[in-house]
Each structure stands twice: as C-alpha cells, then as structure tokens.
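The structure under discussion appears below in the form of structure tokens.
Protein chains get the first letters and strands the later ones, always in sequence-line order, with residue 1 at the start of each. These numbers come from the heavy atoms of this one structure, side chains and all, not from hydrogens, waters or symmetry mates.
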Amino acid sequence: MSDMRCDIELTVNGETVMETVEARTTLVDFLRETLALTGSHVGCEHGVCGACTVRVDGAIVRGCLMLAAQCNGAKVETIEGVSDSGQIADLQSAFERRNALQCGFCTPGMLLTAQELLSNGGVPSRETIREHISGNYCRCTGYQAIVDAIEAVAQARAGGRK
Amino acid sequence: MKIVEDSPPVLTALDRPNSYIGRSVPRPNLARLAQGRAQFVTDVTLPRMAHVAFVRSPHAHARIKTIDATAAKKSPGVIAVVTGAELAKVITPWVGVLTHLKGIKSAPQHAIAVDRACWVGEAVCAVVARTRAEAEDGCEKVTVDYEELQAVTDPETALDAKTPVIHPDLGDNLTFERVHSAGDPDNGFAEADAVVEATFMFGRHTGVCNEPRAIVADWNEGEQRLTAYHATQAPHMMQNLFAKHLTLSEHQVRVVTKDVGGSFGIKVHTYADEMATVALSKLLKRPVKFVADRIESFVTDIHARDHRVKGRIGVKNDGTITAWEIDALSGIGPYSVYPRTSGIEANQIVNLTGGPYTCPNYKARARVVFQNKNVMCQYRAVGHPIATAVTEGLVELAAVKIGMDPLEIRRRNLIADDAHPSQGPSGIKFEALSHHASLAHLDSMMNYAGLRAEQAELRKQGIYRGIGFASFVEVTNPSAAFYGVGGAKISAQDGATVRLDATGAIFCHTGVSEQGQGAEAVIAQCVATSFGVPMEQVRVIMGDTDNTPYGGGTWASRAAGIGGEAAWQAGKALRGNVLAVAGSILQTTPDTLDVRNGAVVDAATGTERMPLHELARICYFRPDTLPAGVQSELVATRHYVPRAWAFSFTNGIQASYLEVDTDSGFVKLLKHWCIEDCGTVINPQLVDEQIRGGVVQGLGAALFEHCLYDQRGQLLNGNMADYLVPMAVEMPDIECGHVVTPTADSELGAKGAGEAGTAGAPGCVMNAINDALRPLNAKLLTDMPFTPDKILRALGKV
C-alpha cells in the first residue's frame with residue numbers, strides 16, 4: 001500500500017497546496033497530519049460522527065470518507081479558514097453565548113454543518129435544525145443548546161435582511 | 001430565541017460588588033474551541049515522535065503460545081515490536097483493589113498481556129513506527145499463535161462450580177460482595193398490604209467520548225523525566241501511577257492535560273495501552289503517541305452498567321413504603337480496574353437504592369463477578385442510574401398496585417424537607433435535601449394535571465403516551481471517603497494559587513481540570529468575585545502537574561464545589577494580602593479598604609483609592625518606596641476538602657413524557673423535565689447544560705446504547721453504525737428548574753451537578769414507557785435499552 005503515491009494540487013483555505021500523498025490517506029488525515037490543520041477532528045473514521053466535517057468545492061463532506069487523492073484540483077475549506085474569513089462569526093458567537101459546546105471536539109464539524117443549513121436562508125424549524133445536524137455526534141450538550149444557537153442565528157440573519 | 005444575555009443577580013451573602021456568582025457568564029475558553037484552535041492530545045506532535053499501534057486479542061480467553069514478529073520488524077517504518085514479557089521489564093503490573101471495599105480481589109494486570117489474553121481487544125503486542133499507518137501495517141504482520149480457552153461470559157453462572165475460574169490464584173470468580181441489612185426488612189414486608197417485585201436488567205454500555213483516549217509520552221533520557229500529554233481527568237493521579245509503575249519518583253513525571261474531547265468518567269482510569277505507551281517511550285527514549293481508534297475504544301474504554309437487579313418493595317394501602325430488598329449481580333470483565341476498582345458501581349447501587357425515601361427497612365446483596373469481556377468501571381453517575389431505576393421502578397409499580405398516583409406515593413414517602421440532617425436506608429448521610437420542594441416545582445412546571453388529561457384524551461384516539469418520574473439523590477463533592485481511605489493516591493482536597501501580575505490582572509492555578517464542563521469559567525468566576533477583578537483579568541491555569549497545586553482533577557462532580565471553594569478562598573486571601581500593602585501605601589488601616597472591579601477602593605464609599613496596576617507597579621518595581629519592613633506578598637494559596645460530610649448529596653426529580661408507536665415499537669421522546677438542587681448555583685447556564693447533557697446520556701442508556709456480546713465473548717457492535725448513540729433528531733427539549741439548598745460545609749455552598757441528569761433519566765423513561773403501555777396490558781418492560789423489538793414483544797406483537 002505505502003508505495004502507492006499520488007501528486008495532488010488543491011487549494012486549502014485559499015492557499016495553493018502541492019503534496020505527494022499515499023493513495024490510502026484520507027482527506028482529514030492529510031489536513032491534520034500533512035498541513036497541521038488540526039481543527040478538523042477524527043472521531044470515528046467511519047463516517048458516523050461528523051467531527052471531520054470539512055467543505056470540498058462548497059459542499060460539506062466527511063473528511064474520513066474521502067481520500068486526499070480525490071481532492072486533486074478541489075477547493076477545500078476547513079474550520080480554520082472559515083473562521084478567519086468571518087463568515088460564521090455570528091454563529092460562533094451564538095455558540096459561545098449559549099454554551100452550545102462543552103468539550104468542543106464536535107464543534108468545528110457542527111458549525112460547518114449548521115452553516116450549510118443557514119446558508120439556505122429563512123428560519124428553519126427546530127425539527128429541521130435537529131434533522132440537519134443529526135449526522136454530527138455531540139456527547140456533551142444533549143443538542144438543545146446547539147439547536148437554540150442555530151435558531152437564534154437564523155432569526156438574526158433573517159431579521160437583518162429585512 | 002433562547003439566548004438569554006447575562007445579567008447580575010440580586011445580592012446574596014456571597015455577593016460582593018461586581019459579583020459573578022449566580023451569573024451565566026460565557027466560558028473564556030470557548031472561542032478557541034469554536035475556531036478549531038484548541039489543543040487536544042490528538043493534535044500534539046513532538047520532534048522524533050513515533051506512533052504505537054497494538055495487536056489485540058481476537059479471543060475472549062486464550063493462551064498466547066508464540067508471537068512471531070520477524071515480518072513486522074522488517075515492515076516499512078517500523079521502529080520496534082514489543083511483547084508483553086519484554087515490556088514487563090520496564091513497567092510493573094498493578095492490582096485494582098481498595099481496602100475499604102472489604103474482600104475485593106483482582107489479579108495482576110500487565111500493560112501488555114503476558115502469556116494469556118483475557119478479553120477480546122486486550123493488547124498482546126505493540127508495534128511502534130514512524131506513522132500510525134505504518135504501525136498498523138506492522139501489526140498485520142505479527143503472527144500470534146493462540147490456544148483458545150473457555151470464556152466466562154454469563155454473570156449468572158460465573159460462580160457455578162463447573163464454570164472455569166478466570167484467575168485460578170483467586171480461587172473463584174467473585175470480585176466483591178456486599179451484604180447490607182438495616183431496620184427490620186422482614187417485618188416491613190410482613191406488615192405490607194402489597195409486595196411487588198421485578199427484575200431489572202441494564203445493558204452494558206460505554207462513554208463514546210468524541211475524542212478517543214489519547215496520550216503522547218515523552219521520556220527525556222537527558223533529563224530522566226517523563227512528560228505525558230494525556231487526555232485524563234486526574235493529572236496528579238496519573239503522575240503518581242506513571243511514576244510508581246515505571247519505578248520513578250513523582251518529580252520525574254509531568255502530566256499535561258490541555259483540551260480533552262469528552263470524558264464522562266471514561267478518562268479517569270488506568271488503561272493498559274496508555275501505560276504501555278509511557279513504558280515504550282522510556283524503552284525507546286523518544287516520544288510515542290497512542291490514539292485509540294473507534295473500534296479500539298469500544299473494546300477497551302471502560303464499559304459500565306452491566307447489572308441485573310432483582311428488587312422487591314412492600315407498601316401499605318395508604319401508600320407507606322414498608323421495606324426494600326435488592327439482589328444485584330454485575331459482571332465486570334477479567335480485572336478490577338486500577339486504581340478505583342470495579343466494585344464501586346455495585347457498592348453505589350447498595351448505597352443509593354431507596355435513598356430519597358424515609359422507609360428504613362432495607363436488605364441488599366450485591367455481587368460482582370469476573371468474566372471474559374472488556375472491563376467495567378466508573379462512568380458518569382456511577383451506580384445512580386441503576387439504583388434510581390430500581391427504586392423508582394418499584395415505587396411506580398407499588399403505586400399502580402394500590403391504585404395511587406405516582407406523584408402522590410412519592411409525596412407520602414420522600415424524606416421531608418425539614419427532616420435534615422437525615423440518612424438513607426443504607427446509612428448514607430444527608431446534610432440537607434429538598435425532595436418535596438423539587439416535586440412541587442416539577443408538578444407545576446410540567447403541568448402534570450394537564451398532561452394526564454391530554455394523555456387520557458389521546459388514548460381514546462389510539463395514541464399511547466406515557467408519563468414517568470424519577471426522584472433521585474446524587475453523590476457530589478466526595479471527601480477522602482470515596483477513594484483515599486481505601487489506599488488510592490487520589491486527592492480529595494484541591495488547591496488554588498492566585499497571583500497578582502504586574503499589570504493588576506491575576507493568574508489562578510488550580511488542581512481541577514476541564515473536559516468541557518466549564519470548570520475554567522467557574523474557577524474564574526469564583527476568584528474574580530472573591531478577589532475583586534473583572535473576569536477578563538483572570539487567567540486560569542489547569543491541567544499541568546508541574547504548575548498547579550496538588551489536586552484530584554475533575555470527576556464525581558467535584559470541580560465547582562471543591563475546586564471552586566479553594567479558588568474562592570485563595571482570592572480572599574490574596575485580597576487580604578493586597579489590602580495589607582495598600583494600607584501601608586495609603587497610610588490607612590486595611591479594613592477600611594476593599595478590592596473592587598480591579599481597584600483598591602474605600603470600603604465604605606466605594607471611592608477608588610488606587611488601581612491594582614499601580615499597586616502592582618509599586619510592589620514589583622519600586623518596593624524601595626514602601627515603608628521599612630513592609631514586604632508585599634502578591635501570591636496566595638488555599639486548599640479545601642469537605643470535612644463535615646463524606647459526600648455532598650444533592651437531590652432532584654425528573655419527568656419524561658413520551659409516545660410509543662404500538663405498531664413499530666418506536667419511542668418518541670416528547671419532553672423531559674429535571675428539577676435539581678445543587679446548592680449555590682455559580683453559573684446557571686453551565687448547570688443547566690450539565691443537566692441536559694447528562695439527561696441525554698441517560699436517554700441513550702434507556703433507548704439505544706448496548707454493548708452486545710455473544711456467548712463466546714465477542715463484541716458484536718463495536719462501531720458507531722451498530723452501537724447507537726443519541727443524535728439530535730431523537731432528543732427532546734429538556735426543561736430545567738432549581739431549588740437551592742447550599743451546603744454549609746463551604747462558604748460558597750456549591751454542590752455538584754454533573755451526575756443528576758444521567759442518574760434519573762433511564763428510570764424515568766422506563767416508567768413512562770410502562771405508563772404508556774399499561775392500558776394495553778403489555779408485559780412490564782424492565783430490560784434496558786428499550787428497543788423497538790422488546791416493546792413489540794411486550795405488546796405480544798412479535
């Protein structure tokens with residue numbers, strides 16, 4: 001296995017990256033180990049927990065179910081880049097004020113998942129919010145605070161557009 | 001919109017001007033977590049760091065005949081292949097017993113199995129390589145020749161003569177047994193108008209921390225020192241254990257714990273693979289990293305709650321409970337876990353059963369047996385969910401039997417709020433509880449009468465909803481009675497050191513640690529208030545045995561009540577020191593001054609006399625201008641341990657409202673309520689979120705979570721696709737309420753709040769499901785988790 005290598009070129013958080021990776025390397029391992037972008041986390045490595053959620057070409061994916069080699073030419077965004085861009089500053093602030101994170105391990109993935117829902121616009125129902133984040137496991141909060149924070153941001157963003 | 005902005009509360013005895021006690025201030029450490037800028041152990045890399053992966057036993061019980069590492073050693077990137085026998089030269093084995101659990105026994109456990117593997121997943125060989133992937137490649141090339149031995153997997157037959165004894169030196173498979181009798185149980189049952197009995201089964205489950213267990217061990221041969229970056233709840237305990245078993249002195253070991261991705265009791269134990277990792281670092285003289293993958297987590301993270309409890313209750317027609325009896329059996333795996341033992345959960349079941357009620361007639365037996373499955377040990381709310389489900393299940397069955405409302409039977413039997421100090425039937429001592437106030441609060445908060453009417457109405461339409469309750473008591477703020485008296489070097493006391501820096505801000509070093517509960521915020525709130533600075537000027541240092549006072553860490557709901565009190569007292573002491581020197585500078589007596597909002601002020605008027613940064617400037621840079629003989633002391637340390645009570649018991653009551661789909665067997669949780677009395681509430685938002693998170697862990701136990709083993713000891717669902725955990729869509733909104741009965745043992749008066757949710761939720765859901773199905777004459781459901789197939793069977797539909 002280890003002799004199967006690929007050269008890839010992609011953009012990560014707006015920066016061009018050229019690396020040689022083992023074919024078996026997952027996207028999240030590549031981000032964490034090769035690029036030291038440790039904000040994306042590895043929770044289950046089989047696509048259930050959502051801690052490794054990142055964006056590839058604008059859509060959220062499981063970083064553990066995609067290979068780095070599949071990202072040749074792709075545009076990848078991680079929590080570090082999304083944070084620094086300011087596009088989820090209101091959501092992060094709501095999570096902090098509502099204590100919608102405890103240990104914080106699931107939070108980067110949860111925020112990216114929530115932002116995807118919020119970017120559809122409107123104010124989703126609590127049931128819709130719960131449904132949408134049900135691919136992201138949080139052991140600490142019991143989810144209610146997360147739903148509250150997302151709902152509050154949806155309302156604020158909708159209000160802001162009026 | 002549910003985000004309530006923080007606002008200062010009404011003044012209480014704890015309040016000083018600009019008090020943070022009782023305020024929902026946001027946690028200072030959240031921004032970096034939300035930006036992906038935390039540092040979990042899984043994120044740590046060091047120069048020359050190698051990675052270890054383990055070859056793990058595929059058998060529940062097997063002799064290890066030979067290990068052939070020839071091919072593995074040649075595998076690309078492999079640095080070393082190490083067997084149990086080889087590693088035993090570096091690290092000594094351990095035995096998980098405590099002297100206060102009379103008669104408990106266990107066998108020596110090695111960091112890597114020597115000669116014999118005793119459960120599926122036990123490490124039998126380590127492969128160290130440049131990367132984790134290469135280490136795993138190496139593991140695949142290790143050939144182990146096993147001779148499979150008969151596995152002991154059923155606790156019910158573990159003590160039978162024909163069952164093999166797992167550790168022949170111990171004589172039998174009995175780990176621990178406790179028998180307790182109080183009052184006159186025989187007479188109690190004799191005078192009952194009705195006796196109800198049931199057997200309750202609890203599915204073995206586990207913590208499923210989102211961040212798996214992780215450690216980076218860095219033995220520096222030049223310094224002769226080990227630094228362990230370790231995701232643990234108890235840094236000083238681990239310092240002691242690493243030193244002891246590597247035959248080092250404690251000052252040769254530093255444990256650093258930064259961010260921890262969930263713990264819930266999972267990360268407070270000694271794990272063989274973590275001990276192996278520190279030993280491998282010492283052996284190889286370089287940093288070694290171990291991160292459990294998810295499959296390893298399922299087969300090696302401690303499991304809990306594998307209990308069968310036969311329970312009996314006697315009741316009179318007027319609702320008076322006359323006697324309790326339980327017989328509990330629990331299978332804990334092949335070893336009692338070190339150093340806290342695997343006898344504590346069974347012991348807690350005996351301690352806590354019947355705890356909220358006045359009936360003193362109580363007979364209990366609990367037996368703990370060895371088996372060839374993964375080890376069991378203490379997980380969030382140790383023993384509470386079992387004791388509470390048994391007690392509350394029996395109480396609601398008794399109510400049904402005599403035709404009494406379930407809240408009414410509780411009103412007639414819960415210990416009166418003015419009857420304290422009091423004790424439970426097992427002899428556990430209660431300083432002050434508020435069962436009746438809590439019940440009354442719940443009754444009105446949930447609109448019980450309204451829900452009953454709705455339930456009756458919906459039944460006419462074939463919709464089956466149920467309401468269930470669970471009163472509970474909760475162990476928090478443990479004194480040395482928990483572990484120290486049994487010989488474990490686990491600190492019950494905790495300390496805080498507060499230092500004024502040269503700009504007037506303060507550092508607070510504390511022995512408690514953070515795994516998401518909000519300990520950092522609570523410590524900052526306490527010290528900011530008692531010293532007198534804005535919270536933004538407090539920096540809390542935790543999780544570093546080189547740099548914090550000796551302490552116990554964070555477990556058993558001790559961080560706020562014990563660590564918070566130490567911080568509160570340290571802040572007061574530093575204020576005294578600051579005022580002493582301020583008095584000299586301002587030529588007045590210290591007792592006319594105070595520290596408020598970052599300045600020395602006139603105590604009577606609040607007028608600012610001198611900002612703290614000016615006082616610090618003088619003390620640090622111009623001490624020559626202080627009067628002769630005046631030496632400023634701008635550091636203060638205080639420690640605290642509860643002394644008056646072995647534990648600070650809290651209490652509360654939960655309710656569940658749910659709907660059972662009688663065609664599919666699925667349960668929909670509609671709403672959940674929890675009233676809790678944790679004494680002084682330091683941060684209401686953090687308390688509520690502890691409750692909610694705890695409730696959901698209990699709901700998982702009630703409905704989904706179960707480590708399924710076959711008869712040969714194979715774990716059948718060791719992954720997150722097959723082992724179900726609560727996800728957002730299945731969970732209800734949870735309403736919290738509080739009654740406040742502070743403990744008089746500390747000035748702060750805070751008790752713990754971390755166990756309450758998990759303690760009550762499973763029993764509550766069990767009662768609600770049975771309440772829902774009662775009109776259908778369904779079989780009683782007492783076998784958790786309540787999966788759809790069990791519900792359909794109870795309904796006679798499959």
For chain A, which of B:E514, B:E211, B:M731, B:Q690 has the most heavy-atom pairs under 4.5 Å? B:E211

Note: vs chain B, highest number of non-hydrogen pairs under 4.5 angstrom among A:E45, A:H46, A:Q92 is A:H46

Could you tell me which of B:G261, B:A34, B:G700 has the largest number of non-hydrogen atom pairs under 4.5 Å with chain A? B:A34

With a 4.5 angstrom heavy-atom cut-off, is it the side chain or the backbone of A:L111 that approaches chain B, or both, or neither? side chain

Which atoms of A:Y143 are under 4.5 Å from chain B, going by heavy atoms: the side chain, the backbone, both sets, or neither? side chain

Ranked by heavy-atom pairs below 4.5 Å to chain B, first place among A:V82, A:V147, A:N136, A:D84 goes to A:D84

Look at B:E730, B:Q515, B:Q697 and state which one has the largest set of heavy-atom pairs under 4.5 Å with chain A. B:Q697

Any carboxylate oxygen within less than 4.0 angstrom of a Lys/Arg side-chain nitrogen, looking at A:R126 and A:D148? yes

Around atom NZ of B:K258, are there more than 12 heavy atoms from other residues, nucleotides or ligands closer than 6.0 Å? no

Could you have a look at B:L30, B:L699, B:V696 and say which one has the most heavy-atom pairs with chain A under 4.5 angstrom? B:L30

Before accepting this row, confirm whether a basic side-chain N of the pair B:K671/B:D733 lies closer than 4.0 Å to the acidic partner's carboxylate O. no

Donor-acceptor pair, side chain of B:S656 and main chain of B:V765, under 3.5 angstrom: no

Short N-O contact, A:R139 and B:E705, less than 4.0 angstrom: yes

Given a strict heavy-atom distance threshold of 4.5 Å, which part of B:N210 is in contact with chain A: side chain, backbone, both, or neither? both

Only pairs of heavy atoms separated by less than 4.5 Å count here; which of A:S134, A:G39, A:S40, A:G104 has the most with chain B? A:S134

I need the residue from B:P212, B:C209, B:G207, B:G262 with the largest number of non-hydrogen atom pairs under 4.5 Å to chain A. B:G207

Side chain, backbone, both or neither: which part of B:A133 has an atom under 4.5 Å from a heavy atom of chain A? both

Regarding A:T34 and A:E19, do their side chains bring together a donor and an acceptor under 3.5 Å, going by distance alone? no

Leading residue by heavy atom contact count with chain A [cutoff under 4.5 Å; candidates B:T42, B:N29, B:V208]: B:V208

Point-to-point distance, once rounded to the nearest 0.5 Å, from OG1 of A:T107 to CD of B:Q35: 12.0 Å

Proximal component of B:R37, with respect to chain A [non-hydrogen, under 4.5 Å]: side chain

Out of A:I79, A:I146, A:N99, A:V48, which one racks up the most heavy-atom pairs below 4.5 Å with chain B? A:N99

Stepwise salt bridge (Lys or Arg N to Asp or Glu O under 4.0 Å) check, A:R55 with A:E116: CA-CA 10 Å; A:R55 271 192 213 147; A:E116 184 187 63; over 6 Å; no

Say whether A:T11 and A:K75, considering side chains only, have a donor N or O and an acceptor N or O under 3.5 Å apart. no

Between A:P108, A:S83, A:A36, A:C49, which has the largest tally of heavy atom pairs under 4.5 Å with chain B? A:S83

Does a donor on one side chain sit under 3.5 Å from an acceptor on the other, for B:H672 and B:E735? no

